[in-house]
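The structure appears right after this line, and notes come after that.
Worth saying up front: this structure is predicted, and the values here are computed from it rather than measured. Just so it is clear, the values below take in all heavy atoms, side chains as well, and ignore hydrogens, waters and symmetry mates.
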Amino acid sequence: MRRDFACAPIGAVALILMMSPARAVDVTFAGFADFRLVAPADERSWIDGGLGKSRYGEGDSNFQFGDAYGQATVLLTPELVAVAVARADDTQKDFILPMEGWLRYRPVSTTRWRWSLKAGAFHAPFSLENSEVGWTSYWTLTPSAINSWFGDELRTIGGEGTLEWRREEGTLSLIGAVYGWNDPAGVMMADRGWSFDDRPTALFDDLREPDATLILFHRPYPDTTLIFDEIDHRAGWYAGADWSDTDAWRVQLFRYDNEADPAAHKGDYFAWRTDFWDAGFSKTWEEFTLLGQALTGQTIITPFPGFTSITNFDSAYALIGWEHDDWRLAARGDLFRTHANGDALLSENGYALTFAASWLPKDWLRVTGELLYIDSTRDERLIEGLAPNQADTQGQLSVRFYL
């Protein structure tokens, strides 16, 4: 990745934060620090080069610094806002790294129509689950498989436009984006498969590839892979629609295609042609909220002439949440699978169950207990001398202090 360009959105926002403008601006800061007591899963986590599906696994300590986020929002004018987000985590390449940095221009409108433009580095608007500061989950510690993957491999580094049609019944939003620097997206889906983690990748961080995959393809290990990099100099895109109803329900549909050339490479790092359909739904009534999301797609690589590897991937989840006074309770079920035509060892299927309870007695405090059970079958585990089917349980007690 051209570090200078990728830094530009972050640097522009930082410059705006430090300027002394002629008019007063509205500057707000938000963030938190998260500390955890963890009962890790038995299998070695993918973060440490294993094939475990959870964030914490074999060898991880029971006491963890989850992470810390800081977010600065600057309202420059009623139409123009700047946002910068950074994350601290001792498992990243550097302890503090930027996650997002963007500007949005949205003119004031007195008609039914309103438009906006957004530019920089930011999360695509695919998640109904991760709506809190730092793109974290409102209901659980660990997001669904779908939103875990979005955090691991996807980031919009480019521009996004939105056209809103506001009616008494609700608002219809048409959204489209053009971006770059995300050509490797899909490599972890193919080599690792689905995972469940609340550790989205920072802009200048890399991801650990599974040791088993490197052994399979006769490559040295341990090794990492780039995620936010431009390899083929072709822009990707996504487009979709979002309907938010005044009767407290919402539905959205998106198409994503990074348009990568699957034969393009930069040294040992390849572009992965990744595309998918994504659909989401939410409904709130009284103290209950229902969330659902489904995704289906594929990622393709052609590492040498005459050979093409295609990995098809699918996942869906449903979450029911209950909220009353200082308490939030949530239960979620996930289904996931991949099918690789290049090597059956890299295919998988599984399901997961998540239960979480959060207590928020103060504005600055959130205490969350979570139990995550994952049952998955992946023949690649045979390379590590493990049975293809593994059932793992991860427990966490989080204490989160907000600014």
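- Annotation: side-chain contact (heavy atoms from CB on, under 4.5 Å) contacts of A190 (sequence neighbours excluded): W272, T299, T311.
- With hydrogens and angles disregarded, no donor-acceptor distance shorter than 3.5 Å links the side chain of S54 to the backbone of A41.
- D242 contributes no side-chain N or O that, together with a main-chain N or O of I175, makes up a donor-acceptor pair within less than 3.5 Å.
- When every heavy atom of P303 is checked against every heavy atom of F270, the shortest pair comes out as CA-CE2, 3.5 Å.
- The ring-ring contact (aromatic ring centres under 6.0 Å, His included) with Y69 is formed by just one residue from the set W135, F32, Y402, F29; it is F32.
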Exercise for the section: Determine, step by step, whether F254 and F276 satisfy the ring-ring contact (aromatic ring centres under 6.0 Å, His included) criterion, reporting the C-alpha distance in whole Å, the side-chain angles of both residues, the deciding distance to 0.1 Å, and the verdict. Expected result: CA-CA 8 Å; F254 284 96; F276 59 79; 9.3 Å; no
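- Shown are D198, D197, D60; of these, the salt bridge (charged side-chain N to carboxylate O under 4.0 Å, His left out) with R55 is made only by D198.
- Dense packing is recorded around CD of E169, with more than 12 heavy atoms of other residues, nucleotides or ligands lying under 6.0 Å away.
- Taking OG of S195 as the start and CE of M189 as the end, the distance is 8.0 Å to the nearest 0.5 Å.
- Under 4.0 Å is where a charged nitrogen must lie from a carboxylate oxygen, and between D183 and K266 no such pair does.
- Between W277 and L253, the closest side-chain pair of non-hydrogen atoms falls below 4.5 Å.
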Practice task
Check the pair F281, W243 against ring-ring contact (aromatic ring centres under 6.0 Å, His included), reporting the backbone distance first and the verdict last.
Solution key: CA-CA 10 Å; F281 170 83; W243 171 260; over 10 Å; no
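- Looking at E100 and R87, no side-chain N of the basic residue comes within less than 4.0 Å of a carboxylate O on the acidic one, giving no salt bridge.
- The pair R219-D268 fails the salt-bridge criterion, with no side-chain N (NZ, NE, NH1 or NH2) lying under 4.0 Å from an Asp/Glu carboxylate O.
- Residues L128 and Q252 have side chains in contact (heavy-atom distance under 4.5 Å, counting atoms from C-beta outward).
- Side-chain contact between R378 and L346 is present, with heavy atoms from C-beta onward closer than 4.5 Å.
- For Y238 and F126, the gap between ring centers is short of 6.0 Å.
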Practice task
Quick one: do D48 and S45 satisfy side-chain hydrogen bond (donor to acceptor under 3.5 Å, both in side chains)? Show the steps, please.
Solution key: CA-CA 5 Å; D48 298 320; S45 170; 4.9 Å; no
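- To the nearest 0.5 Å, atom OG1 of residue T140 and atom CG of residue L319 are 6.5 Å apart.
- By the 4.5 Å heavy-atom criterion applied to side chains, R381 and S376 are counted as neighbours.
- Judged purely by atom type and a 3.5 angstrom limit, D379 has no side-chain atom pairing as donor or acceptor with the backbone of P388.
- Crowding of D363 atom CG: a count of heavy atoms from other residues, nucleotides or ligands under 6.0 Å not exceeding 12.
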Exercise for the section: Take K93 and D206, measure what salt bridge (charged side-chain N to carboxylate O under 4.0 Å, His left out) needs, and give me the verdict at the end. Expected result: CA-CA 7 Å; K93 184 182 296 183; D206 302 329; 3.0 Å; yes
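- Ion pairing between a basic and an acidic side chain is recognised when a charged N comes within 4.0 Å of a carboxylate O; E164 and R114 show such pairing.
- With hydrogens and angles ignored, the 3.5 Å screen pairs a side-chain donor or acceptor of D232 with a backbone N or O of D261.
- The environment of F65 atom CZ is dense: over 12 non-hydrogen atoms of other residues, nucleotides or ligands sit within 6.0 angstrom.
- Minimum interatomic distance between L75 and V25 (heavy atoms only, all atoms of both residues): O-CB, 3.6 Å.
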Practice task
Apply side-chain hydrogen bond (donor to acceptor under 3.5 Å, both in side chains) to E230 and W181, showing your working.
Solution key: CA-CA 4 Å; E230 183 58 47; W181 291 270; 5.3 Å; no
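- Atoms CG and OG, on L80 and S116 in that order, are 11.5 Å from each other to the nearest 0.5 Å.
- The line from CD1 of I300 to CG of N341 is 9.0 Å long, rounded to the nearest 0.5 Å.
- Considering only heavy atoms from C-beta on, W149 stays 4.5 Å or farther from F336 through its side chain.
- Shown here for D257 and Y179, the closest heavy-atom pair between the two residues is O-OH, 3.4 Å.
- The backbone N or O of A145 sits less than 3.5 Å from a side-chain atom of D334, completing a donor-acceptor pair.
- A salt bridge between D205 and R199 is present, with a side-chain N of the basic residue lying under 4.0 Å from a carboxylate O of the acidic one.
- Within the 3.5 Å criterion, the main-chain N or O of W139 finds a donor-acceptor partner in the side chain of S137.
- One finds no salt bridge joining R250 and D245 here, because no Lys/Arg side-chain nitrogen approaches an Asp/Glu carboxylate oxygen to under 4.0 Å.
- Under a 3.5 Å cut-off, the side chain of K283 and the backbone N or O of F288 do not form any donor-acceptor pair.
- A salt bridge does not link R192 with E380: every distance from a Lys NZ or Arg NE/NH1/NH2 to an Asp or Glu carboxylate oxygen is 4.0 Å or more.
- Between W102 and E160, the closest side-chain pair of non-hydrogen atoms is not below 4.5 Å.
- The backbone N or O of I96 lies less than 3.5 Å from no partner atom in the side chain of D94, so there is not a single donor-acceptor pair.
- The CG atom of L290 sits 5.0 Å away from atom CD1 of I320, with the distance rounded to the nearest 0.5 Å.
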Practice task
Mind running side-chain hydrogen bond (donor to acceptor under 3.5 Å, both in side chains) on R36 and Q64 for me, showing each step along the way?
Solution key: CA-CA 5 Å; R36 302 184 186 183; Q64 296 284 342; over 6 Å; no
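- One distance of note links CZ of R366 with CZ of R400; it measures 5.0 Å at 0.5 Å rounding.
- Ion pairing between E129 and R332 holds under the 4.0 Å rule for side-chain N and carboxylate O.
- Between D275 and R255 a salt bridge is recorded (basic side-chain N to carboxylate O distance below 4.0 Å).
- Heavy-atom minimum distance, E132 versus Y138: OE2-CD1, 3.3 Å.
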Practice task
Starting from the C-alpha separation in whole Å, work towards a yes-or-no answer on side-chain hydrogen bond (donor to acceptor under 3.5 Å, both in side chains) for N147 and S127.
Solution key: CA-CA 7 Å; N147 290 296; S127 179; 2.9 Å; yes
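- In the displayed structure, W165 atom CH2 is contacted under 6.0 Å by at most 12 heavy atoms of other residues, nucleotides or ligands.
- A salt bridge is absent between E79 and R106; no separation between the charged side-chain nitrogens and carboxylate oxygens falls under 4.0 Å.
- Counting only distance, with no hydrogens or angles, the side chain of N182 and the backbone of E153 share a donor-acceptor pair below 3.5 Å.
- Under a 3.5 Å cut-off, the side chain of S347 and the backbone N or O of A340 do form a donor-acceptor pair.
- By the 4.5 Å heavy-atom criterion applied to side chains, F63 and F35 are not counted as neighbours.
- Between D152 and M188, every side-chain heavy-atom pair lies at or beyond the 4.5 Å cut-off.
- Geometrically, K118 engages F122 in a cation-pi contact, judged by NZ or CZ lying under 6.0 Å from the ring centre and within 45° of the ring axis.
- In this structure, T111 and R166 approach most closely via the heavy-atom pair O-NH2, 2.7 Å.
- In terms of heavy atoms, T274 sits closest to Y256 at O-CE2, 3.7 Å.
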